[in-house]
Amino acid sequence: MEEKKVMLSGIQPSGDLHLGNYLGAIKNWSARTEEFDCYYFMADMHTITVRQNPADLRRRTLEQLAQYIACGLDPEKNTLFIQSHVHQHAELGWVLNCYTMFGELSRMTQFKDKSSKHKDNINGGLFTYPSLMAADILLYQPDYIPVGEDQKQHCELTRDVAIRFNHIYGDVFKVPEPYIPKAGARIMGLTTPESKMSKSIPEGCVFLMEKPEDIQRKFKRAITDSDTENPVRYDPKEKPGVANLMNIYAAVTGRSFQAIEAEFAGQGYGRFKPAVGDAVVECLRPIREEAQRILSDKAYLESVYKAGAEKASYVANKTLRKVYKKIGFVAK
Ligand code: TRP
């Protein structure tokens with residue numbers, strides 16, 4: 001049998017998951033289960049580069065895992081784990097720090113952004129974050145890294161570091177490709193249709209675990225426009241708010257834009273917005289209920305992350321041993 005290609009991605013448990021995360025990323029992940037050998041982890045070690053409340057970090061890490069499973073990521077078929085449970089990440093991260101240049105790290109836009117937002121805590125971890133991310137990736141020798149556009153620069157640095165290392169020591173790392181979804185999958189904020197849905201603007205952000213009445217209220221307040229002639233039609237340039245709602249409606253119902261235009265022909269936003277809200281509520285209901293069920297079953301959740309860490313550690317260790325040998329560390 002031909003070996004499956006490997007995919008790996010990490011998500012920081014820095015905020016609650018929302019509809020944009022689900023429709024833009026997580027939903028597609030479960031569709032890849034059969035074709036690829038997939039690793040997904042909660043990047044808790046990356047999250048502490050910005051100060052966290054410990055109880056919240058712990059809660060969100062477990063909630064995220066429960067939500068991934070509830071979104072359809074089958075833990076029997078995907079390797080789901082918590083980054084800090086696999087010590088090889090920290091170890092290879094250190095090694096790769098020594099093969100990543102100060103100048104390279106200084107050019108990272110995420111570092112520049114985050115250090116300007118958190119001026120009181122520009123720590124070393126924030127600066128060397130990309131070396132740890134390179135370690136996360138290279139340990140598993142993946143073919144593809146599914147990430148958002150914002151992580152492209154980090155993926156490119158990972159490739160550069162892998163190539164540099166291989167150049168010195170021979171073929172140790174596979175050089176992976178980023179795998180970036182097309183723009184259509186981007187869900188914008190309900191109150192800011194010009195920018196991505198984000199937890200930092202909660203009025204325009206629908207969280208996966210949110211109550212149905214709160215979701216409905218957010219959709220009723222979504223920004224549209226004053227078009228009364230032919231309101232529900234797909235025109236992302238002229239009508240970004242409506243296009244975003246249509247995108248969401250299309251994604252959760254599977255209907256085409258044409259079918260949606262026909263469904264709401266001659267009707268105003270007073271009918272359209274609550275209809276999108278209803279469809280989203282129905283799409284999220286089973287996810288929310290399943291996530292709550294999983295979260296209340298602590299023994300199950302623990303068995304998932306333990307098994308995930310064990311499998312991940314086995315694979316990661318093979319790469320780390322090879323690296324240690326190449327660079328001249330004495331075998332234990
Ligand atoms: N830096 C990524 C983000 O903020 C999270 C991440 C950490 C990651 N390690 C990774 C993504 C490895 C892909 C692969 O979104």
Side-chain angles (χ1 to χ4, degrees), residues 5-18 20-22 24-26 28-29 32 36-50 52 57 60-61 64-65 68 73 78-94 96-97 100 104-105 107-115 117-118 123 125-162 173-181 185-186 196-200 308-309 312 315-316 319:
K5 298 253 192 223
V6 178
M7 270 205 179
L8 167 133
S9 196
I11 317 90
Q12 290 197 54
S14 54
D16 295 325
L17 292 175
H18 57 70
N21 300 130
Y22 176 62
I26 309 168
N28 310 324
W29 295 355
R32 297 184 194 127
F36 298 96
D37 186 8
C38 298
Y39 294 81
Y40 298 110
F41 64 95
M42 319 300 129
D44 55 349
M45 292 165 69
H46 279 94
T47 306
I48 62 160
T49 54
V50 173
Q52 302 293 321
L57 177 59
R60 278 197 311 260
T61 305
Q64 263 188 27
L65 178 59
Y68 287 139
L73 273 190
N78 297 274
T79 306
L80 308 179
F81 67 98
I82 298 171
Q83 184 185 26
S84 61
H85 289 183
V86 182
H87 59 80
Q88 288 85 359
H89 289 245
E91 292 182 61
L92 185 62
W94 172 255
L96 296 184
N97 257 329
T100 311
E104 287 175 317
L105 293 169
R107 283 194 288 277
M108 294 293 116
T109 53
Q110 184 173 302
F111 172 69
K112 291 189 217 167
D113 272 8
K114 288 201 178 172
S115 49
K117 277 193 202 136
H118 303 278
N123 60 72
L126 195 62
F127 188 64
T128 59
Y129 178 117
S131 317
L132 179 60
M133 179 159 161
D136 298 338
I137 296 170
L138 299 175
L139 278 173
Y140 300 91
Q141 311 277 358
D143 297 276
Y144 302 110
I145 324 158
V147 284
E149 187 65 39
D150 62 322
Q151 294 299 314
K152 200 169 160 197
Q153 201 185 24
H154 288 157
C155 292
E156 260 143 32
L157 181 60
T158 299
R159 288 170 58 87
D160 291 344
V161 171
F173 297 125
K174 181 173 267 176
V175 181
E177 305 268 347
Y179 188 94
I180 295 167
R186 266 179 73 158
K196 237 172 51 165
M197 183 175 281
S198 151
K199 59 180 189 288
S200 59
V315 177
T319 305

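This one's a predicted model, so the numbers in the text were calculated from it and none came from an experiment. Read the numbers this way: they start at 1 and go in the same order the structure lists the ligands and their atoms.
- Contacts of Ser9 classified as side-chain contact (heavy atoms from CB on, under 4.5 Å), with partners at least two apart in sequence or in another chain: Tyr40, Pro146, Val147.
- The residues Lys174 and Asp143 are annotated as salt-bridged, a charged nitrogen and a carboxylate oxygen being separated by less than 4.0 angstrom.
- Relative ring orientation between Tyr39 and Phe81 is described as perpendicular, the plane-to-plane angle rising above 60° on a 0-90° scale split at 30° and 60°.
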I'd like a table of the close N/O pairs between ligand 1 and the protein (anything under 3.5 Å), one pair per line with both atom names and the distance.
unit_1, atom_1, unit_2, atom_2, d
ligand 1, 1 (N), Tyr129, OH, 2.7
ligand 1, 1 (N), Gln151, OE1, 2.9
ligand 1, 4 (O), Gln12, NE2, 3.1
ligand 1, 4 (O), Tyr129, OH, 3.1
ligand 1, 4 (O), Gln151, NE2, 3.4
ligand 1, 9 (N), Asp136, OD2, 2.6

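- For Asp136 and Gln83, the side-chain atoms include at least one donor-acceptor pair closer than 3.5 Å.
- Environment of CG in Leu105: crowded, with over 12 heavy atoms of neighbouring residues, nucleotides or ligands closer than 6.0 Å.
- For the pair Leu139/Leu8, no side-chain contact is recorded, criterion being any heavy-atom separation below 4.5 Å from C-beta on.
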